[in-house]
Amino acid sequence: MKIAITGSTGFVGSHLSAALKEDGHQVVPIGRAELKEHHEQIATYLIGCDAVFNLAGETINQRWSEAYKQRIYHSRIDTTHKLVEAMKVMEKRPATFISTSAIGAFSAEGCYTEDDPANASDFLGELSKDWEGEAKEAESLGVRTLIFRFALVLGHDGGLMKQLLPPFRRGLGGPIGNGLQPFSWVHIDDMVRSYQYALLNEQMKGIYHICSPNPDNNSGFTKTLGSVLNRPALLPIPKFALKLVYGEGADVMTSGQCVVSIRLYEAGFEFKYPELDQALTAIIQSGYAQ
């Protein structure tokens with residue numbers, strides 16, 4: 001198949017692109033420069049594509065100023081809107097559109113499945129609502145549309161683990177705040193496999209939580225990572241220290257959401273890494289092998 005991908009150079013996008021190429025698919029990267037163009041021009045990049053995977057968006061792991069929050073917002077909303085508008089003007093549209101969202105659609109209280117309505121009212125909650133709303137417009141075009149709500153994606157070469165592994169390996173790791181915040185996660189390999197699975201299973205559509213069936217909390221994650229590395233993990237990171245570096249963005253690190261997926265299970269998807277210790281062990285071994 002021919003598959004267009006936005007955000008193809010990011011952590012998830014680069015892994016996904018490599019896996020799709022290994023499967024024999026043709027990958028068409030749609031970069032930032034292309035996404036700034038008019039939707040009619042973007043449509044020309046999608047000609048002949050069987051699927052579009054939308055992964056574009058500014059990282060949230062930076063200090064949040066009001067200006068940067070606008071960049072986070074528009075990098076997701078505007079991109080998704082343009083992709084849908086591009087598909088509108090195409091004579092032959094891609095059969096499948098998989099767009100991204102996040103478990104930040106939910107509050108920190110409770111544990112949620114795809115059957116639960118999104119209930120977060122903070123910045124990330126509003127962002128997720130608008131992001132998903134733009135993606136759902138593709139359904140009216142007859143395009144099979146899926147929205148993947150990401151949990152924290154774990155892999156040695158990007159995301160959270162890339163930041164945490166150096167201090168943890170030196171025995172300087174520890175829980176964030178009181179460590180009680182929920183920690184829903186997924187191994188990068190299972191994240192990629194979920195795309196591969198959905199691409200070939202045409203009955204899949206709608207919202208899916210891309211997360212391990214076994215969420216933990218931050219303290220449990222910290223203890224497991226320390227154990228796998230055979231290092232102490234006793235130094236807590238106070239919230240005020242994160243606030244100094246990340247501003248409002250520190251709230252993402254000191255809160256969390258408990259989510260599980262029932263729809264992936266119903267679709268027949270099986271996780272390669274359902275348990276946290278198993279996932280972290282594989283990540284550490286992969287990192288040492290590089």
Side-chain angles (χ1 to χ4, degrees), residues 3-17 29-39 42-43 45-46 51-88 94 96-107 114 118-139 141 143 145-153 158-160 184 186 191 194-195 198 206-211 246-249 251-253 255 257 259:
I3 304 165
I5 302 182
T6 69
S8 63
T9 59
F11 173 39
V12 175
S14 59
H15 278 263
L16 179 56
S17 295
I30 309 294
R32 292 188 181 190
E34 289 86 355
L35 290 170
K36 291 179 180 178
E37 297 178 19
H38 192 271
H39 69 267
I42 294 174
Y45 305 135
L46 305 183
V52 179
F53 295 165
N54 180 26
L55 291 155
E58 293 280 357
T59 179
I60 63 172
N61 295 327
Q62 288 194 22
R63 184 175 183 84
W64 287 11
S65 61
E66 286 303 315
Y68 193 71
K69 285 168 67 176
Q70 289 301 306
R71 286 177 59 185
I72 291 173
Y73 183 90
H74 289 293
S75 65
R76 289 160 171 80
I77 308 305
D78 295 354
T79 294
T80 307
H81 178 76
K82 278 189 173 183
L83 288 172
V84 175
E85 289 298 304
M87 288 187 280
K88 280 184 182 179
T96 300
F97 179 47
I98 304 182
S99 196
T100 309
S101 186
I103 62 173
F106 295 101
S107 71
E114 294 95 339
N119 62 356
S121 58
D122 59 3
F123 171 70
L124 289 183
E126 292 299 316
L127 170 64
S128 298
K129 181 181 71 174
D130 293 348
W131 201 2
E132 293 175 12
E134 292 291 346
K136 288 176 182 176
E137 291 296 317
E139 294 174 342
L141 306 177
V143 176
T145 303
L146 299 88
I147 296 171
F148 280 4
R149 287 177 179 156
F150 285 15
L152 290 166
V153 186
L160 178 70
S184 295
V186 64
M191 169 65 74
S194 68
Y195 278 90
I207 293 173
Y208 290 84
H209 291 171
I210 311 302
C211 54
Y246 294 103
E248 185 182 342
D251 293 339
V252 178
M253 305 175 192
S255 63
Q257 296 80 26
V259 297

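Computed from heavy atoms alone, side chains included, the values below leave out hydrogens, waters and symmetry copies. Index from 1, following the sequence.
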Distance-minimising heavy-atom pair for [X] and [Y]:
{"X": "Met191", "Y": "Val186", "answer": "CE-CG1, 3.9 Å"}
{"X": "Ala151", "Y": "Cys211", "answer": "CB-CB, 3.5 Å"}
{"X": "Met87", "Y": "Ala138", "answer": "CE-CB, 4.2 Å"}
{"X": "Leu46", "Y": "Ala86", "answer": "CD1-CB, 4.2 Å"}
{"X": "Ser101", "Y": "Ser128", "answer": "OG-CB, 3.7 Å"}
{"X": "Ala56", "Y": "Leu35", "answer": "CB-CD1, 4.1 Å"}

Can you tell me if [X] uses its side chain to pair, donor with acceptor, with the backbone of [Y] under 3.5 Å?
{"X": "Thr80", "Y": "Trp131", "result": "no"}
{"X": "Lys82", "Y": "Ile77", "result": "no"}
{"X": "Ser184", "Y": "Gln257", "result": "yes"}
{"X": "Ser75", "Y": "Glu58", "result": "yes"}
{"X": "Glu137", "Y": "Glu134", "result": "no"}

Identify whether the distance between the nearest side-chain nitrogen and carboxylate oxygen of Arg149 and Glu132 falls below 4.0 Å.
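A salt bridge is present here (some side-chain N lies under 4.0 Å from a carboxylate O).
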
Are the side chains of [Y] and [X] in contact, using a 4.5 Å heavy-atom criterion?
{"X": "Lys88", "Y": "Leu141", "result": "yes"}
{"X": "Pro29", "Y": "Ile5", "result": "no"}
{"X": "Thr96", "Y": "Val52", "result": "no"}
{"X": "Leu55", "Y": "Phe150", "result": "yes"}
{"X": "Arg76", "Y": "Leu127", "result": "yes"}
{"X": "Tyr45", "Y": "Glu37", "result": "yes"}
{"X": "Lys136", "Y": "Ile147", "result": "yes"}
{"X": "Tyr73", "Y": "Asp130", "result": "yes"}

Under the ring pair (Phe, Tyr, Trp, His ring centres under 6.0 Å) test, residues paired with His15 that sit two or more places apart:
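Partners of His15 by the ring pair (Phe, Tyr, Trp, His ring centres under 6.0 Å) criterion, ordered by chain and then number, come out as Phe11.
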
Could you work out, with ring pair (Phe, Tyr, Trp, His ring centres under 6.0 Å) as the rule, every residue matching Phe97, not counting sequence neighbours?
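Once residues adjacent in sequence are excluded, Phe97 has no partner under the ring pair (Phe, Tyr, Trp, His ring centres under 6.0 Å) criterion.
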
Run the side-chain contact (heavy atoms from CB on, under 4.5 Å) test on Ser194 and Phe148 for me, step by step, so that the C-alpha distance in whole Å, both residues' side-chain angles and the decisive distance to 0.1 Å come before the verdict.
CA-CA 9 Å; Ser194 68; Phe148 280 4; 3.7 Å; yes

Output, in order, the C-alpha distance, side-chain angles, deciding distance and verdict of side-chain hydrogen bond (donor to acceptor under 3.5 Å, both in side chains) for Glu139 and Thr145.
CA-CA 6 Å; Glu139 294 174 342; Thr145 303; 5.1 Å; no

Pair Trp64 + Phe123: ring centers closer than 6.0 Å:
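Ring-ring flag for Trp64/Phe123: true, centres closer than 6.0 Å.
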
side-chain contact (heavy atoms from CB on, under 4.5 Å) between Arg32 and Thr9: does it pass, once the steps are laid out?
CA-CA 10 Å; Arg32 292 188 181 190; Thr9 59; over 6 Å; no

Quick check for you: to the nearest 0.5 Å, what is the distance between [X] atom [atom1] and [Y] atom [atom2]?
{"X": "Leu146", "Y": "Ile207", "atom1": "CG", "atom2": "CD1", "answer": "10.0 Å"}
{"X": "Thr79", "Y": "Lys36", "atom1": "OG1", "atom2": "NZ", "answer": "10.5 Å"}
{"X": "Ile98", "Y": "Leu16", "atom1": "CD1", "atom2": "CG", "answer": "8.5 Å"}
{"X": "Lys69", "Y": "Leu124", "atom1": "NZ", "atom2": "CG", "answer": "9.0 Å"}

Hey, can you tell me if Phe106 and His209 have their rings parallel, tilted or perpendicular (30° and 60° cut-offs)?
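Judged by the thresholds at 30° and 60°, the geometry between Phe106 and His209 is perpendicular.
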
